[in-house]
Amino acid sequence: MMMHEVLKLLFKKPFTNKFPAKYAPKSTYGFIKLVKEGKAQIIPPVPTPPKFRGKLKYDRESCVGCGLCVKVCPAKAIELVTYKEEPKEEGARPKIIRKIRIYIGRCVYCSQCVDICPRNSLSMTDEFLLANEDKLAKELIVE
Amino acid sequence: MSGGKKYTIPVGPLHPAVHEPITIKIDVEGEHIVGVDVFCSQVHRGIEWLGMNRNNPIQSIYLSERVCGICNICHPLCMVQAVEKAAEIMPTERAEYIRVIMAELERIHSHLLWAGVAGHEIGFDTVFHYTWALREAVMDLIEYLTGNRVTKAIMMFGGVRRDIDETGVRKIKEGMQYYLERFHKIEEIFLHDPTIKMRTRDVGILTREDALKLCAVGPTVRASGIPKDVRQDFPYAAYADIGVDAITPDMYNGEVHGDVFDRIIVRLLEVKQSIEIINAALDNMPSGPILAEPNLVKLQMLLKKADGEGVGRVEAPRGEDIHYVRLRKGEEPFFSWKIRAPTYNNLLPWIPMLMGEQIADVPIIAASTDPCMSCLNRVTVVDVNSSKEYVLTKEKLHELSIRKTRRLMRNAH
């Protein structure tokens, strides 16, 4: 019984999807350069499922700065930031604007902030290649 | 070779055979185990402290999900049930069915994962790869339904966060059909293979009396012939509508040994039972809303106002899981939160199981209860009065130190 399985597997193709290339490139930068020049091709990753929760997308314009997402974030990855806008007219008080800043390095991808947002300013994208040496890198902070 | 010298062999805290941090001290005479002692609590993470001090209840759902990597439906489900009882929130009917489906999908994946690990522990790696390849189908299903393979983030007070649509129902049915078709193959490998039978029959026996005395839970206790299952005894979610009977090994071949082989039988039959439960739940799933209170801001206010306590009981793949939650009016974090994971009960049965066995059987016997150390490690209580001679008190240490100084001084002269 088991022997039969083993023999069957012997002639089967491996299940692994060899993303991004068949063999690990010696230099990632060199590989990307080759891809840009059209000399090499990236094997696409396995498609993400429809309800996949990836990197957060933030619509700054519609956000009212209510801070509800800050309250429910289990990882405390969201920060409320206050900006002062200089008034256009002389003598008027400076306008205070509240927006959020998301540290993707801390995000646990539960999508709770998306659920609670009253203005639908937050959404989850399909992006998942987020590994970085620096947790405060520009790509990992959404503003 | 009885009457020979006794040796103590420590296994762990980190040992390749038990995968997770736990220490077992085994006294051996020759090859035979004559004494066992288990030391746990090496991975305490203070999860309850965070739930009682830093987090509000909604944040704690995702924290409880991270108590265990495998039981990440059971723990939030258990916690959510406790909070629902404390705050008197009624989950919607459709949500109850979705909870059952998710919990049973998790059971299939956990039991298949365990079956693979058991094969690996006895050195049968072909079985390990075969079962884990089968497990991928249920993992893909979970990924399709929730968006993630592991941390599903689907529980919410008063319901669930994601609905199962028409395509989802079709995909689950197809997945269940896939397992039903392959079930006889798994059965053939595990229950009729001479290698597995040789290594597990009459090994690590837990008698009915010991199982009752030591309060074992889950497949461990059911394999000893005791029909104990929370889904049967105290049905939660939609289990009362479906009706679940605890599975004991005598259902398969009419006899109870209480050994590792019986635990394999129970787990494999439970996979089949889970498939039936999921199919029944899909057929009877009512339509309607999935959340009792869709407005999360209102829900948060409701939880802040709530005052009371609740206990959640869930049959996790490893056994009964209990969460106790107490809410106090005007306070956002839990006033009290206590988790009792199933491995806590299944650890002491290791002692009667290991007694009289051989050293080579330690990995498979330990693995046969499907231990999960990071679940187990909650609050450490040290009883100083019952400490044995291996604990050196300060006075004793001081005395030893004085003696050594005197000895050295004597030798110097």
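All figures in this text were calculated on a predicted structure; none of them were measured in a lab.
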Fill in the blank from the handout: So, the part of A:Thr48 with a heavy atom under 4.5 Å from chain B: the answer is neither

Problem - Heavy-atom pair of closest approach, residues A:Arg53 and B:Thr146 - result: NH1-O, 2.7 Å

Practice task
Evaluate whether atom CD of A:Gln41 has more than 12 neighbouring non-hydrogen atoms of other residues, nucleotides or ligands under 6.0 angstrom away.
Solution key: no

Exercise for the section: Step through the shown structure and confirm whether more than 12 heavy atoms of other residues, nucleotides or ligands are within 6.0 Å of CD on B:Glu166. Expected result: no

Practice task
Heavy-atom distances under 4.5 Å only: say whether A:Ile116 touches chain B with side chain, backbone, both or neither.
Solution key: both

Handout entry: Backbone of A:Lys51 reached by a side-chain donor or acceptor of B:Arg162 within 3.5 Å
Key = no

Practice task
Check whether more than 12 heavy atoms from other residues, nucleotides or ligands sit under 6.0 Å from atom CZ of B:Arg54, and answer yes or no.
Solution key: yes

Problem - CZ (A:Arg119) with more than 12 external heavy atoms under 6.0 Å - result: no

Practice task
Kindly determine whether B:Thr151 and A:Val108 satisfy side chain to side chain contact (heavy atoms under 4.5 Å, CB included), including the steps that lead there.
Solution key: CA-CA 9 Å; B:Thr151 41; A:Val108 294; over 6 Å; no

Practice task
Please indicate whether A:Arg60 has more than 12 foreign heavy atoms, meaning atoms of other residues, nucleotides or ligands, lying under 6.0 Å from its CZ.
Solution key: yes

Practice task
Between chain B and each of A:Met124, A:Lys71, A:Gln112, A:Lys76, count heavy-atom pairs under 4.5 Å; write down the option with the most.
Solution key: A:Gln112

Exercise for the section: Check whether more than 12 heavy atoms from other residues, nucleotides or ligands sit under 6.0 Å from atom CD of A:Glu37, and answer yes or no. Expected result: yes

Problem - A:Lys57 NZ: over 12 foreign heavy atoms closer than 6.0 Å - result: no

Exercise for the section: Drop me the distance from B:Asn148's CG to A:Ser111's OG, to the nearest 0.5 angstrom. Expected result: 10.5 Å

Exercise for the section: Carefully, step by step, assess A:Leu68 and B:Val297 under the rule side chain to side chain contact (heavy atoms under 4.5 Å, CB included). Expected result: CA-CA 8 Å; A:Leu68 281 174; B:Val297 183; 3.6 Å; yes

Practice task
Can you tell which part of B:Gln300 gets under 4.5 Å to a heavy atom of chain A, answering side chain, backbone, both or neither?
Solution key: side chain

Exercise for the section: Please look at B:Arg66 and chain A and tell me whether the side chain, the backbone, both or neither of the residue comes under 4.5 angstrom of a heavy atom of that chain. Expected result: side chain

Problem - Part of A:Pro49 lying under 4.5 Å from any heavy atom of chain B - result: side chain

Completion exercise
When rounded to the nearest 0.5 Å, the distance separating SG of A:Cys110 from NZ of B:Lys152 is 15.5 Å

Problem - Residue A:Lys55 excluded, over 12 heavy atoms near NZ under 6.0 Å - result: yes

Handout entry: Interatomic spacing from CG in B:Asn56 to SG in A:Cys73 - rounded to 0.5 Å
Key = 10.5 Å

Handout entry: Most contacts with chain A, counted as non-hydrogen pairs under 4.5 angstrom, among B:Thr126, B:Asn295, B:Ile154
Key = B:Thr126

Completion exercise
Honestly, the part of B:Leu50 sitting under 4.5 Å from a heavy atom of chain A is neither

